[in-house]
Amino acid sequence: MPCTRTQAEPNEESHDMDQVRVRFAPSPTGHLHIGGARTAIYNWAFARRHGGDFILRIDDTDPERSTDENTQAILRAMEWLGLDWDEGPGAGGDFGPYFQTQRSELYAQGLVTLQANDAVYPCFCTADELKGRREAAREAGGFAGYDRRCRAIDTEEAAARIARGDEHVWRLAVPLERDDVTFVDAIRGETAFPIGSLDDFILVRSDGTPTYNFATVVDDVAMEISHVVRGDDHLSNTPRQILVFEALGGEVPTFAHLSMIWGADGKRLSKRHGATSVEAYRDLGYLPEAILNYLTLLGWSLDDKTTMIDRDTLVENFSFERVSKNPAVFDTDKLEWMNGVYIREMPVEEFADRMSALLTAQGMLTGAEAEERREWLLKLAPLVSERIKRMDEIPSMVGFFFSDTVEFDDKARKKVLDKAGAGCAMDAVEAVLKGLDTFETESIEAALRDVPEALDLKPRIVFQAVRVALSGSMVSPPLFESIDLLGKEKTLQRLRQARSSATD
RNA sequence: GGCCCGUUAGUCUAGCGGUUGAGGACGCCGCCCUCUCAAGGCGGAGAUCACGGGUUCGAAUCCCGUACGGGCUACCA
């Protein structure tokens, strides 16, 4: 006899995979958050994997904090990450509008449906009363949700009070006789909530606007969402929402709850942890490919080895089965390393373009110069790309090529220019370079290699002195290449200039 | 308080009952390369698989409990 399966397995097949429709529904009360971005990536990847639709819906029901500027920023960040949506702002679609503030009619209709189904009742309790009773209940131990007092008011009286203009909200009448609410989460497996632990929560506020748990379900039904993929801060909301789905007569989608992303201190990622928005990382010089790669693998794995993964491989392989259940700490060090890998892999032409754009934006180069010096920039590009982890490191690394004067940092002056032999080294190097006819990396190197021995100095002493003379710093791109790129005239001039403040 | 979720090295993870004296990656340490810094190569330290019971010939893997962390319990989302 085959063994009996006692517990349901996480199962993505409970809905027809040909009709996958998922949505990412950010609230435009801020920019696209790192955690939100990961949720968006998983939604997107799942839709693409199954040839489904990826819908972007803007949950702008909080009028106080929602702004159009935030909405635009979120759209920009999504595009920057390469997460294209099939329906939503700018994309259209048959299930719009895609802003919740434009869907109030749907919510009103939803309420009518629930009223017709006897699934809701008006509640006239005031916030103060509720607070008092809630606290008392909690102190007594046990259930501390709404005590369902207004559920006892008969329909006629309720209607009279409403007609009279009494302020009221609409609450869901939780079917007390129902079995426990269970569902198979695609990531966590079977999850059960005792029906008695669910209170008659508010669906419609006294001002007539829907609460999150109501609006979301109305929209998910109307938009025919097949899979709800979201953060696990919504796991406890799920049984409530399932009740609303049922009351509405809608089909309950499959749920997949992602764990949270934490800061290094094990607390929920927030402003205190530094940059938390996707655009902030963009401005810090991170590449979209790196962010996508890092976030993809922060909570999902392809196998036991893969750390570098591209968009296509993600789409070909994504599944909820391999999404991890536990929270993940956002590790900036690893992201930075990964960004460096992508920078190094970038074709030189592309890197040169991005570098030009950056330098132009910084005012170190004009657009015209960038074009004229294209060849020169192409030579510089690989020297820089190999040494940085973030694009924003570029200006400080190559600044000395573009300035007229060299600023020596204190450490370089003390540890190099003031060292015995530095002056002689510069004299000798100047003399050798002055006599060079072909001023190219190879010839420069060939000529300078002999200098240390001739002066009976260590190579390090000689070359560091030159480096500081040219760049002002103890760290720079490779010396011979830098001399080549700087050009003969500037090189000689800087050597002479540095010579005056050096020790013999 | 109640309900729910989670727990493999500092971090992200692999592992879905025996081939694991727990694999990979970041970070860390050392060596090599070397004009600096990187990059690269090689090597190393680091995990009593939260803890305690059980099931089993055998458990990181299944079950129960405890601890710790998190979420929900709002006329926020």
Side-chain angles (χ1 to χ4, degrees), chain A residues 7 25-27 29 59 61-62 64-65 123 125-127 130-131 134 137-146 167-171 185 188 191-194 196-199 201-207 209 211-213 215-216 231-240 257 259-260 262 264 266-268 294 297-308 321-322 324-338 340 344 383-389 397 412 416 445 448-449 452 458-468 471 473-480 482:
Chain A
Q7 201 194 342
S27 171
T29 53
D59 280 9
T61 49
D62 185 341
E64 308 275 297
R65 297 185 298 150
C123 167
C125 299
T126 68
L130 291 173
K131 201 177 167 202
R134 184 162 47 232
R138 186 168 300 200
E139 250 160 63
F143 189 73
Y146 177 61
E167 191 159 274
H168 62 283
V169 299
W170 287 91
R171 290 184 181 271
D185 189 281
R188 284 155 212 282
T191 310
F193 291 79
S197 70
L198 274 7
D199 75 345
F201 59 99
I202 295 172
L203 300 180
V204 179
R205 303 185 186 102
S206 50
D207 67 357
T209 59
T211 58
Y212 164 76
N213 279 319
T216 296
D232 80 359
D233 46 341
H234 289 300
L235 191 57
S236 302
N237 282 323
T238 304
R240 287 178 247 281
H257 287 97
S259 59
M260 304 274 88
W262 285 348
K267 298 267 167 59
R268 213 168 156 154
Y294 179 73
L297 261 21
L298 191 70
W300 178 79
S301 62
L302 175 63
D303 52 33
D304 59 335
K305 298 242 155 57
T306 307
T307 43
M308 301 303 293
E321 284 161 39
R322 299 196 62 87
S324 114
K325 298 179 181 69
N326 36 317
V329 172
F330 188 79
D331 181 3
T332 318
D333 282 343
K334 189 162 185 176
L335 204 213
E336 209 169 66
W337 163 78
M338 196 172 273
R344 272 172 258 131
L383 308 182
V384 178
S385 65
E386 196 171 298
R387 303 184 149 64
I388 57 170
K389 289 182 173 160
M397 180 168 288
V416 178
E445 173 162 9
L448 295 188
R449 280 292 177 199
K458 292 199 158 156
R460 184 190 177 88
I461 299 283
V462 174
F463 297 131
Q464 277 298 76
V466 177
R467 182 188 316 284
V468 171
S471 71
S473 163
M474 288 169 65
V475 179
S476 82
L479 191 59
F480 309 120
S482 295

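Small disclaimer: the values here were computed from a predicted structure and weren't measured.
Separation of the C1' atoms belonging to B:G53 and B:U11 is 31 Å when rounded to the nearest angstrom. A gap of 15 Å separates the P atoms of B:G30 and B:A45, to the nearest Å. Nucleotides B:G69 and B:A50, compared at atom C1', are 11 Å apart to the nearest Å. Spacing between B:C12 and B:G27 at atom C1', rounded to whole Å, works out to 11 Å. A distance of about 11 Å separates the P atoms of B:G46 and B:G10, rounded to the whole Å. Separation of the C1' atoms belonging to B:A9 and B:U20 is 16 Å when rounded to the nearest angstrom. Comparing B:A47 with B:C35, their P atoms sit 39 Å apart, to the nearest whole Å. For the P atoms, the distance from B:U7 to B:C64 is 14 Å, rounded to whole Å.
In this structure, A:Phe201 CZ and A:Tyr212 OH are separated by 11.5 Å, a value rounded to the nearest 0.5 Å. The CZ atom of A:Arg171 sits 9.5 Å away from atom CG of A:Leu203, with the distance rounded to the nearest 0.5 Å. A distance of 9.5 Å separates OG of A:Ser236 from CG of A:Leu198, quoted to the nearest 0.5 Å.
Checking side-chain atoms of A:Thr306 against main-chain N and O of A:Asp303 turns up no donor-acceptor pair under 3.5 Å. Between the side chain of A:Thr216 and the backbone N or O of A:Asn213, no donor-acceptor pair lies under 3.5 Å. A side-chain donor-acceptor contact under 3.5 Å links A:Arg322 to the backbone of A:Ser301.
Nucleotide B:G40 forms a pair with B:C32, judged by Watson-Crick or G-U wobble geometry with both contacts under 3.5 Å. Pair assignment for B:G65: B:C51, on the basis of Watson-Crick or G-U wobble contacts that are both within less than 3.5 Å. Judged by Watson-Crick or G-U wobble contacts below 3.5 Å, the nucleotide B:A9 has no partner. Summarising the base pairing, B:C57 is matched to B:G18 through a Watson-Crick or G-U wobble pair whose two defining distances lie under 3.5 Å. In this structure B:A74 sits in no base pair that meets the Watson-Crick or G-U test at under 3.5 Å.
Judged by distance alone, the side chains of A:Ser471 and A:Arg467 never bring a donor and an acceptor atom under 3.5 Å apart.
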Can you check each nucleotide of nucleotides 71-77 of chain B against protein heavy atoms at under 4.0 Å and return B for base, S for sugar-phosphate only, - for none, in 5' to 3' order?
BSBSBSB

In B/S/- notation (B base, S sugar-phosphate only, - none; protein heavy atoms under 4.0 Å), nucleotides 19-28 of chain B written 5' to 3' is ----BSBBS-

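Evaluation of the side-chain hydrogen bond (donor to acceptor under 3.5 Å, both in side chains) rule for A:Tyr146 yields no partner, not counting sequence neighbours. Judged as a side-chain hydrogen bond (donor to acceptor under 3.5 Å, both in side chains), and not counting sequence neighbours, A:Thr126 has no contacts.
Residue A:Trp262 is classed as a sugar-phosphate contact, given heavy-atom separations below 4.0 Å to backbone atoms only. Within 4.0 Å (heavy atoms only), A:Ala137 reaches no atom of the nucleic acid at all. Residue A:Gly231 is classed as having no contact, given no heavy-atom separation below 4.0 Å to the nucleic acid. Within the 4.0 angstrom heavy-atom criterion, only backbone atoms of the sugar-phosphate kind lie near A:Ser324; the bases stay farther away.
Looking at every heavy atom in both residues, A:Arg344 comes nearest to A:Glu386 through CG-CA, 3.9 Å.
No side-chain heavy atom of A:Ser259 sits under 4.5 Å from any side-chain heavy atom of A:Asn326. Side-chain contact check for A:Leu335 versus A:Leu298: every heavy-atom pair is 4.5 Å or farther apart. The shortest side-chain heavy-atom distance between A:Ile388 and A:Met397 falls under the 4.5 Å cut-off. Residues A:Phe463 and A:Lys458 are not in side-chain contact: their nearest non-hydrogen atoms beyond the backbone lie 4.5 Å or more apart. Using a 4.5 Å heavy-atom cutoff, the side chains of A:Thr191 and A:His257 are not in contact.
Atom CD of A:Glu139 and atom C1' of B:G2 are 14 Å apart (whole Å). Between the CD atom of A:Glu336 and the P atom of B:C12 there is a distance of 18 Å, rounded to whole Å. The distance from atom CH2 of A:Trp300 to atom C1' of B:A14 is 13 Å, rounded to the nearest whole Å. Rounded to whole Å, the distance from NZ on A:Lys325 to C1' on B:U8 is 14 Å.
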Show each protein N/O and nucleotides 44-47 of chain B N/O combination with a separation under 3.5 Å, one pair to a line.
none

Every protein N/O within reach of nucleotides 29-35 of chain B N/O, cut-off under 3.5 Å:
unit_1: B:C35; atom_1: OP1; unit_2: A:Arg449; atom_2: NH1; d: 2.5
unit_1: B:C35; atom_1: OP1; unit_2: A:Arg449; atom_2: NH2; d: 3.3
unit_1: B:C35; atom_1: O2'; unit_2: A:Arg467; atom_2: NH2; d: 3.3
unit_1: B:C35; atom_1: O2; unit_2: A:Arg467; atom_2: NH2; d: 2.3
unit_1: B:C35; atom_1: N3; unit_2: A:Leu479; atom_2: N; d: 3.2

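Dashed line: the shortest gap from a side-chain N or O of A:Asn326 to OP1 or OP2 of B:U8 is under 4.0 Å.
Along RNA chain B, the nucleotide closest to A:Thr191 and the one closest to A:Ala140 are compared, and the more 5′ of them pairs with A:Ala140. Both A:Met397 and A:Ser197 lie close to RNA chain B; mapped to their nearest nucleotides by heavy-atom distance, the more 5′-ward contact belongs to A:Ser197.
When each of A:Phe330, A:Trp300, A:Trp337 is paired with A:Tyr294, the ring pair (Phe, Tyr, Trp, His ring centres under 6.0 Å) condition holds for A:Phe330 and for no other.
Residue A:Arg387 places a side-chain atom within donor-acceptor reach of the base of B:C37, judged by atom type and a 3.5 Å distance cut-off alone.
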